[in-house]
Amino acid sequence: AGFTMPFNDSIGIGGSVDILEAGSIEQVDDSGVTTGSFSPRDMASSIGLSYSAGMFRVGAVGKHVSSKIIKEASTFTGDVGLWTLLGEKTGVALTGQNLMGKLKYVDEEAELPRIFRLGLSQRLHQRVLFSVEGVQPSDNSLNFAGGFEYMGGLLNPSDGLLFFVRRGYNGAAQQDK
């Protein structure tokens, strides 16, 4: 669940809480004997601020991340992003996610995967947007993603119904096959 709210003409705030629960999983020992069960859970709470100045938009988010497998670990991290126009219909963005923080389960410590993205968007029509991006995670190889977005309904959101239909390609999903 999340929210966004303009503070004034150039500043906005937002926040979210994301929870992933895997349900109950049977726990077994090294010989395969059932020893009970456990319920993994991940949660991220975030609060962010954005600032708009002319052609530029910049944002930052602070996050508290917790993860429970059998024992629980938590850390603080942050994301930053910059977006600007390259022309009347073309935008470019650069983002960095999980720029700090480590999770430590009992004795083992792991850094959060840092993810850097460079994206380009092109408005093809008043209702159609095309985008492509390169994604470089710290724990995997470079991959690419892209897609189209169609905006339906009335063009002025304050006039009534507005909806989006999106279709895209995620190169990271292809790497796992």
Solution key, residues 18-25 side-chain donor-acceptor pairs under 3.5 Å, sequence neighbours excluded:
| residue | atom | partner | partner atom | Å |
| --- | --- | --- | --- | --- |
| E21 | OE2 | R41 | NE | 3.1 |

Check your understanding: Which residues pass the salt bridge (Lys or Arg N to Asp or Glu O under 4.0 Å) test with E149, sequence neighbours left out?
Key ->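 E149 satisfies salt bridge (Lys or Arg N to Asp or Glu O under 4.0 Å) with R166 only.
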**Study point:** Sequence-distant partners of R114, salt bridge (Lys or Arg N to Asp or Glu O under 4.0 Å), two or more places apart
**Key:**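 In terms of salt bridge (Lys or Arg N to Asp or Glu O under 4.0 Å), with neighbours along the sequence ignored, R114 is linked to E111.
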Hey, is the main chain of [Y] close enough, under 3.5 Å, to the side chain of [X] for a donor-acceptor pair?
| X | Y | answer |
| --- | --- | --- |
| T75 | L103 | no |
| R127 | L124 | no |
| T77 | M100 | yes |

Say you draw a straight line from [atom1] of [X] to [atom2] of [Y]; how long is it, rounded to the nearest 0.5 Å?
| X | Y | atom1 | atom2 | value |
| --- | --- | --- | --- | --- |
| E26 | T34 | CD | OG1 | 3.5 Å |
| F148 | R167 | CZ | CZ | 12.0 Å |
| Y169 | F144 | OH | CZ | 10.0 Å |
| M43 | K68 | CE | NZ | 12.5 Å |
| Y150 | F164 | OH | CZ | 11.0 Å |
| I69 | S39 | CD1 | OG | 12.5 Å |

I'd like to know if [Y] and [X] are part of one continuous hydrophobic network [Ile/Leu/Val/Met/Phe/Trp/Tyr, side-chain heavy atoms within less than 4.5 Å].
| X | Y | answer |
| --- | --- | --- |
| L82 | L49 | yes |
| V128 | F130 | yes |
| V92 | V132 | yes |
| L86 | L118 | yes |

Check your understanding: Does the side chain of N170 reach to within under 4.5 Å of the side chain of V135, using non-hydrogen atoms?
Key ->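 No, side chains not in contact.
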Point to revise | Residue pair L112 / S138, side-chain heavy-atom distance below 4.5 Å | key: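 With C-beta onward as the side chain, the pair stays apart.
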Quick check: closest heavy atoms across [X] and [Y], and the distance to 0.1 Å?
| X | Y | value |
| --- | --- | --- |
| F38 | Q27 | CD2-CB, 3.8 Å |
| G96 | F116 | CA-CD2, 3.9 Å |
| L129 | S121 | CD1-CB, 4.0 Å |
| V17 | S45 | CG2-OG, 4.2 Å |
| S67 | D42 | OG-OD1, 2.6 Å |

Exercise for review: For residues 89-104, pull every pair meeting side-chain hydrogen bond (donor to acceptor under 3.5 Å, both in side chains), keeping only residues two or more places apart or in separate chains.
Suggested key: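 Non-adjacent pairs meeting side-chain hydrogen bond (donor to acceptor under 3.5 Å, both in side chains): K63-N98, T90-Q122, Q97-R117.
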Practice item. Return the set of residues passing side chain to side chain donor-acceptor pair (under 3.5 Å) with T35 (not counting sequence neighbours), or none when no residue passes. Key: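 Residues passing side chain to side chain donor-acceptor pair (under 3.5 Å) with T35: none at all.
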Just list the side-chain donor-acceptor pairs under 3.5 Å for residues 3-13, sequence neighbours left out, or say none.
| residue | atom | partner | partner atom | Å |
| --- | --- | --- | --- | --- |
| N8 | OD1 | S10 | N | 2.9 |
| N8 | OD1 | S10 | OG | 3.4 |
| N8 | OD1 | I11 | N | 2.9 |

